[in-house]
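Written out below as structure tokens is the structure these notes cover.
Note that this is a predicted model, so its numbers are computed, not measured. We're numbering straight along the sequence, starting at 1. Just so you know, these numbers use all the heavy atoms, side chains as well, and skip hydrogens, waters and symmetry mates.
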Amino acid sequence: MSVTCSGERSDLNERAHPGAAVAVTVLGGLLVGAGETGWAIVLGRVHLPLEMAASVFLVAVGTGLLWFPWMAIPWLHQRRDWLAPSLASAGLITGSLFLHLHADSLTKSPWLSSAHGVALVKALLVGSVGGLVVAWLGRRITVRWVQTQGLPPRRPAEIVSWLVLVVSAATFLPALRDPWALPIPDDPGLASDLPVNTLLITVDTLRRDHLQQYGHERSIGACLEPYGFVAGDGFSAMANWTRPTTASILTGLHPLSHTTAALESRLPAAARTVTEIMADQGAVTGYFTANMNASGVFAMDQGAQVRLPDPRSPPHRLEGTGWGRGWQAHVRLNDAAQLNAYASGFLRKVVDRRFFLYVHFNDPHAPYRPPSPVMDRLNPEGYSGRVVDDPENNPKVSAEEKAYMELRYDGEIEHSLKAVAELLEILQDAGRLEQTLVLITADHGEEFLDHGQWTHGRTMFEEILSVPLLIRLPGALSRGPGTSDSFGDEGANRRVNVQGSQMDLLPTILDYSDVEIPSYLQGRSLRGVLEGSSTPTARPHLTDGNLGGGWSYQRGDYKLSRREVRGKTRTTLFHLGDDPGETVNLARESSLQSLIEEMSAEAEGYRERLRGVALQKNESPLSEDVEAELRAMGYVD
């Protein structure tokens, strides 16, 4: 049988029966889909069976649309000349969209919804409409070009289709290289060796009473129990927002001394971070953060040999191309799985070497948008009410809406901690977990109308300042004594009263690494308390560098706070032993006025001493894009 196009006999053979074309197309799509999924698994991009199955399906659909027009062209030519290039073009756009975005659409890409069905419908609509437009333009251009060249009129469909096939094949090439490859420095070959490696993790906006290790009713954090963590009680943040608290974690200094507490602040170059100290000791250092306040944008990644300088434009497999630039312009690493693709890739490459790794997950920061598989587990009954994921823009919510908002917040915490467990699994599989000190903490907590406010950065109540500290000690130390309140079956899963702050993490890390603790550090090592060889000593705790100004000073059970509110100084005094929820303000009690004056004088004297050893400030005006990002995060009005 001959196939004609525009009245002329075609040289195309007759073997491309529609049924055979569809069969070969589906088979080819599944094979390519399986291959793409294999790469995703190897590179750490697929984490759940549901995502694995959906990945195969999505890529099979995309590649099927790419191959189908080519296989079916001979049959299509006897119908309509324009149908082949139209389908081919639609296949190109739709298939490319799936190939380059399928992993992100399965998590929390801002381009596509995290709901798989919605993502699929959106991509199909975009690909189909875009393909028809491109096909129409392509046909007009190619027909005009063919006419000027004197070619037979049946050739436009073939030319467009073969061109589409070549371009489509090229879209597979980026999958053949590691999209998360970052340069790892060569082993310096130093004779000295670190006794332990360090994995330091900050989970942004993690409120401690939302972990089961601290009594939360939901099993949030259960994925960490097999690894044996000590939960520290009495551990406090240095301020109520990310930049000053992260700087204190990294430097062992108070915000008044490291001077990184204003919106325009950058970490001074004179500040010695834990990353720099460990790099000097011969460790290969990695620094991965999803929060701009904790990133190289504000010089927080000093000393990191492998890093993501700006979470707003992370490396991508198509970097330098239009797709890559578009992805980088829109994506955020607020999904722990996306950030972990970089962090886990680094860890796998350095697991046999001396390393220090800092990871800052940002998922629990508002808006609360956990992946659907996590919510399916936490809320199997479903929810039919209004979903409020950003309380800043929805100040009035019902009790039911608030409860579901907190459930979504818990889902974000759970998603982050599962990413932490993946890093621990890498260490365990490599036999390096017992040589690694693991610390998990938060920069600050979160408010859910506990005192009439949402989110953080406004007040200095304990839901903001009391943060978790989970530590897994290296080797046999992980099974040490010192239980005060067990939360698990194994001896390592215990709570210990540490009476510490974020300034204490750097001295603790150096102590376990057998590195001399510099005398200028303002924190102290918690090693003795964690191992049970010393008892915790309560120290006065001063928070400063808060957004909105003000300070709080805790001595014993009493906590004094001062801040300016509409031109007036507001003073609060709470007794945390009798009133842990800070519901009764004792500041007007006449019998306590002398105590207030005494604590105020102590706090002011402490503030002056900290300013006396402060580093020179490193401040510069914010660029428009950085200011816009901070505004989107709720830090700029």
Can you see which heavy atom on Ala304 is nearest to which on Tyr287, and at what distance? CB-CB, 3.5 Å
Starting from the C-alpha separation in whole Å, work towards a yes-or-no answer on salt bridge (charged side-chain N to carboxylate O under 4.0 Å, His left out) for Glu414 and Arg377. CA-CA 11 Å; Glu414 179 76 354; Arg377 186 186 73 80; 3.0 Å; yes
Enumerate the ring-ring contact (aromatic ring centres under 6.0 Å, His included) contacts for residues 575-625, please, sequence neighbours excluded, ordered by first and then second residue. Tyr558-His575
Val529 side chain near Thr537 side chain, heavy-atom distance below 4.5 Å: no
Scanning both residues in full, the closest heavy-atom pair of Arg472 with Tyr227 reads NE-O, 2.6 Å
Just checking, any donor-acceptor pair under 3.5 angstrom between side chains of Thr569 and Glu564? yes
Establish, from distance only, whether the side-chain atoms of Asp233 and Asn497 form a donor-acceptor pair under 3.5 Å. no
Do Leu407 and Arg218 come within less than 4.5 Å of each other through their side chains, counting heavy atoms only? yes
Per the salt bridge (Lys or Arg N to Asp or Glu O under 4.0 Å) rule, what does the pair list look like for residues 438-447, sequence neighbours excluded? none
Heavy atoms, side chains only, cut-off 4.5 Å: are Pro468 and Leu211 in contact? yes
Taking the side chain as every heavy atom from C-beta outward, state whether Leu470 and Thr441 have any pair of such atoms under 4.5 Å apart. no
Steps toward side-chain hydrogen bond (donor to acceptor under 3.5 Å, both in side chains) verdict (Ser257, Gln522): CA-CA 9 Å; Ser257 295; Gln522 294 162 344; 2.9 Å; yes
May I ask you to check whether over 12 heavy atoms, not counting those of Glu608, lie within 6.0 Å of atom CD? yes
Side chain to side chain contact (heavy atoms under 4.5 Å, CB included) test vs Phe356 passes for just one of Ile277, Asn197, Leu200, namely Leu200
Those residues at least two apart in sequence (or on a different chain) that pass side-chain contact (heavy atoms from CB on, under 4.5 Å) with Ser466 are Arg208, Glu462
Minimal non-hydrogen separation, Val397 against Glu401, with atom names: CA-OE1, 3.3 Å
Compute both the distance and the angle, then confirm whether Arg307 meets the cation-pi test with Phe288: under 6.0 Å from the six-membered ring centre, within 45 degrees of the axis. no
Those residues that, when tested against Thr571, pass side chain to side chain donor-acceptor pair (under 3.5 Å) (two or more places apart): Arg562
Can any side-chain N or O of Thr260 pair as donor or acceptor with the backbone N or O of His258 at less than 3.5 Å? yes
Among Thr289, Thr275, Thr202, Asp301, which one satisfies side chain to side chain donor-acceptor pair (under 3.5 Å) with Tyr358? Thr202
Counting only N and O atoms by type, is there a donor-acceptor contact under 3.5 Å from the side chain of Ser219 to the main-chain atoms of Ala222? no
What is the minimum heavy-atom distance between Leu510 and Glu516, and which atoms define it? CD1-O, 4.2 Å
Summary of salt bridge (Lys or Arg N to Asp or Glu O under 4.0 Å) pairs that have at least one residue in residues 536-553, sequence neighbours excluded: Asp504-Arg539, Asp544-Arg607
Main chain of Thr459, side chain of Asn240: is a donor-acceptor contact present, judged purely on distance under 3.5 Å? yes
Between Glu225 and Gln212, is any side-chain donor less than 3.5 angstrom from a side-chain acceptor? yes
Give me the atom names and distance for the closest heavy-atom approach of Gly215 to Arg495. N-NH1, 4.4 Å
So, are Glu406 and Lys402 salt-bridged, with charged N and O less than 4.0 Å apart? yes
Quick one: do Arg408 and Glu412 make a salt bridge, cutoff under 4.0 Å? no
Worked check of side-chain contact (heavy atoms from CB on, under 4.5 Å) between Leu505 and Leu250: CA-CA 8 Å; Leu505 295 183; Leu250 298 173; over 6 Å; no
Run the numbers on His541 and Tyr553 for ring-ring contact (aromatic ring centres under 6.0 Å, His included), then give the verdict. CA-CA 6 Å; His541 179 68; Tyr553 183 70; 9.1 Å; no
Run Thr251 and Tyr520 through side-chain contact (heavy atoms from CB on, under 4.5 Å) and show every step you take. CA-CA 10 Å; Thr251 66; Tyr520 66 82; over 6 Å; no
Residues passing the side-chain contact (heavy atoms from CB on, under 4.5 Å) test with Asp310, sequence neighbours excluded, are Val297, Arg312, Ser313
Side chain to side chain, Leu469 and Leu526, heavy atoms closer than 4.5 Å: yes
Hey, can you tell me if Phe448 and Trp454 have their rings parallel, tilted or perpendicular (30° and 60° cut-offs)? perpendicular
Just checking, is any N or O donor in the side chain of Ser552 or Thr543 under 3.5 Å from an acceptor N or O on the other one? yes
Report yes or no: does His451 contribute a side-chain atom to a donor-acceptor pair with the main-chain N or O of Gly581 at less than 3.5 Å? yes
Would Lys418 and Glu422 satisfy salt bridge (charged side-chain N to carboxylate O under 4.0 Å, His left out), going step by step from the backbone distance to the final call? CA-CA 6 Å; Lys418 284 187 175 182; Glu422 290 175 14; over 6 Å; no
SB check Asp410 Arg207 (cutoff 4.0 Å): no
Step by step, would you call His254 with Ser248 a side-chain hydrogen bond (donor to acceptor under 3.5 Å, both in side chains)? CA-CA 6 Å; His254 194 279; Ser248 290; over 6 Å; no
Less than 4.0 Å between a side-chain N and a carboxylate O, is that true for Arg524 and Asp511? no
Taking atom CZ of Arg570 as the centre, report whether more than 12 heavy atoms of other residues, nucleotides or ligands fall under 6.0 Å from it. no
Side chain to side chain, Met460 and Arg563, heavy atoms closer than 4.5 Å: yes
Residue pair Ser344 / Asn340, side-chain donor-acceptor N/O under 3.5 Å: no
Please tell me if the side chains of Asn618 and Thr259 come closer than 4.5 Å, counting only heavy atoms from C-beta onward. no
Looking at His360 and Ala294, what are the two nearest heavy atoms and their distance? ND1-CB, 3.7 Å
Does the side chain of Pro244 come within less than 4.5 Å of Met238's, by heavy atoms? no
